[in-house]
K.L.:
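Got a structure for you, written out below as structure tokens; questions coming shortly.
We're numbering straight along the sequence, starting at 1. Heavy-atom basis, side chains included; hydrogens, waters and symmetry copies ignored.
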Amino acid sequence: MDFVEKRLTQRAKRGDREAFAELIEIYKDKIFQLAYRMVGNRQDAEDIAQETFLRVYANLHTYDESYKFSTWIYRIATNLCIDRGRKKRPDFSLDEEVDPGQGLDWYSRLSSSERTPEDKVITQELQETVQDALSHLQPKYRSIMILRYIEDLSLQEISDIVKLPITTIKTRIHRGREALRSKLRLM
């Protein structure tokens, strides 16, 4: 994958829009998921993902190919999430779905081999509980926890993204786990 990304970034730097579109295709879901987990709001996550790709396009000429492209794009997205958290006060969106189950037809109500609605609700509640606990962590711990456990990045990759030594990353992971554990006990 690194070879493919390297070729795509080289082509994109030369102005090849198709190569840049392929980079977007590779990273759009990953960047959205990272942003969603950090800000906890679908609309903000979409905005951050879009802003990330706009910044990547505008600053592609400054990308240093001695680093992995994924490290560079995750750093941009993480910084945008942290900035959004500092600037944004809690708000509510009128566009946000209230109940995703509305508008179903009869065919979608037939039994299937999928998980039961109860299982889905339990999974969704668990995800919401963890997301809520993550959103209450300090940003310095939240970003590290998301990059490590949700994005499954190595300590070195996280270090490159947040520009901190690996020992600091290990300390923040430990403290983030402890803080997350105590928040989940209270919920």
K.L.:
Hey, what do you get for OG (Ser135) to CG (Asn41), rounding to the nearest 0.5 Å?
P.N.:
11.5 Å
K.L.:
Which atom pair, heavy atoms only, marks the closest approach of Lys13 to Leu60?
P.N.:
CE-O, 3.1 Å
K.L.:
Are Leu147 and Ile169 side-chain neighbours, meaning at least one heavy-atom pair lies under 4.5 Å?
P.N.:
no
K.L.:
Just wondering, are more than 12 heavy atoms of other shown residues or ligands nearer than 6.0 Å to CD in Glu22?
P.N.:
yes
K.L.:
Quick one: do Tyr149 and Ile173 satisfy side-chain contact (heavy atoms from CB on, under 4.5 Å)? Show the steps, please.
P.N.:
CA-CA 10 Å; Tyr149 294 109; Ile173 288 173; 3.4 Å; yes
K.L.:
Is the distance between the ring centroids of Trp72 and Tyr67 less than 6.0 Å?
P.N.:
no
K.L.:
Quick one: closest heavy-atom pair of Ala133 and Leu180, and the distance?
P.N.:
CB-CD1, 3.5 Å
K.L.:
Would you please name every residue forming a side-chain hydrogen bond (donor to acceptor under 3.5 Å, both in side chains) with Tyr57, sequence neighbours left out?
P.N.:
none
K.L.:
Please list, chain by chain and in numerical order, all residues satisfying side chain to side chain contact (heavy atoms under 4.5 Å, CB included) with Tyr36, sequence neighbours excluded.
P.N.:
Phe32, Arg42, Ala45
K.L.:
How about Glu65 and Tyr63: do any of their side-chain heavy atoms sit closer than 4.5 Å?
P.N.:
yes
K.L.:
Can you name the nearest heavy-atom pair linking Ile31 to Ala49, along with the distance?
P.N.:
CG2-CA, 3.8 Å
K.L.:
Considering only distance and modelled atom types, tabulate donor-acceptor pairs under 3.5 Å from the side chains of residues 150-165, sequence neighbours left out.
P.N.:
unit_1 : atom_1 : unit_2 : atom_2 : d
Glu151 : OE1    : Tyr74  : OH     : 3.2
Ser154 : OG     : Glu157 : N      : 3.1
Ser154 : OG     : Glu157 : OE1    : 3.4
Gln156 : NE2    : Asp160 : OD1    : 3.0
Glu157 : OE1    : Ser154 : N      : 3.0
Glu157 : OE2    : Lys68  : NZ     : 2.6
Ser159 : OG     : Leu164 : O      : 2.5

K.L.:
For Lys170, does the NZ atom sit with more than 12 other heavy atoms under 6.0 Å from it, leaving out its own atoms?
P.N.:
no
K.L.:
Using modelled atom types only, decide if a donor and an acceptor are shared between the side chain of Thr78 and the backbone of Arg75 within a distance under 3.5 Å.
P.N.:
no
K.L.:
Test Arg142 against Gln138 for side chain to side chain donor-acceptor pair (under 3.5 Å), laying out the working first.
P.N.:
CA-CA 6 Å; Arg142 182 181 337 135; Gln138 293 180 22; over 6 Å; no
K.L.:
I would like to know whether Arg181 and Glu178 meet salt bridge (Lys or Arg N to Asp or Glu O under 4.0 Å); could you show each step before the answer?
P.N.:
CA-CA 5 Å; Arg181 185 176 294 126; Glu178 292 300 317; 2.7 Å; yes
K.L.:
Do Tyr27 and Phe69 make the cut of ring centroids closer than 6.0 angstrom?
P.N.:
yes
K.L.:
Of the non-hydrogen atoms in Ala19 and Ala12, which two are nearest, and what is the gap between them?
P.N.:
CB-N, 3.8 Å
K.L.:
If hydrophobic clusters are built from ILVMFWY residues whose side chains come within less than 4.5 Å, do Ile166 and Met145 share one?
P.N.:
yes
K.L.:
Would you say that Arg55 contacts Leu80 through its side chain, given a criterion of any heavy-atom pair below 4.5 Å between the two side chains?
P.N.:
yes
K.L.:
Just so I know, are the side chains of Lys140 and Arg172 near enough to count as touching, which here means a heavy-atom distance under 4.5 Å?
P.N.:
yes
K.L.:
Report the residue from Lys120, Gln127, Glu128 that forms a side-chain hydrogen bond (donor to acceptor under 3.5 Å, both in side chains) with Gln124.
P.N.:
Glu128
K.L.:
Listed by chain and number, what are the side chain to side chain contact (heavy atoms under 4.5 Å, CB included) partners of Asp119, not counting sequence neighbours?
P.N.:
Arg115, Thr116
K.L.:
Identify the heavy atoms of Cys81 and Ala35 that sit nearest to each other, and give their distance.
P.N.:
SG-CA, 3.6 Å
K.L.:
Donor-acceptor check, side chain of Asn59 to backbone of Thr62, threshold 3.5 angstrom: yes or no?
P.N.:
no
K.L.:
Are Leu184 and Ile144 linked, directly or through intermediate hydrophobic residues, by side-chain heavy-atom contacts shorter than 4.5 Å (ILVMFWY only)?
P.N.:
yes
K.L.:
Could you list the residues that satisfy side chain to side chain contact (heavy atoms under 4.5 Å, CB included) with Glu25, not counting sequence neighbours?
P.N.:
Lys28
K.L.:
Mind checking the CZ-OG spacing from Arg148 to Ser143? Nearest 0.5 Å is all I need.
P.N.:
14.0 Å
K.L.:
OG1/Thr9 to CD1/Ile73 distance, rounded to the nearest 0.5 angstrom?
P.N.:
11.0 Å
K.L.:
Within the 4.5 Å heavy-atom criterion, are Leu23 and Phe53 side-chain neighbours or not?
P.N.:
no
K.L.:
Should the heavy atoms of other residues, nucleotides or ligands under 6.0 Å from CZ of Arg7 be counted, would the total exceed 12?
P.N.:
no
K.L.:
From Ile48 CD1 over to Asp83 CG, what is the distance, rounded to the nearest 0.5 angstrom?
P.N.:
9.0 Å
K.L.:
The criterion is side chain to side chain contact (heavy atoms under 4.5 Å, CB included); which residues satisfy it with Arg14, sequence neighbours excluded?
P.N.:
Gln10, Arg11
K.L.:
Verify side-chain contact (heavy atoms from CB on, under 4.5 Å) between Met38 and Leu134, making sure each step is shown before the conclusion.
P.N.:
CA-CA 8 Å; Met38 287 189 71; Leu134 273 173; over 6 Å; no
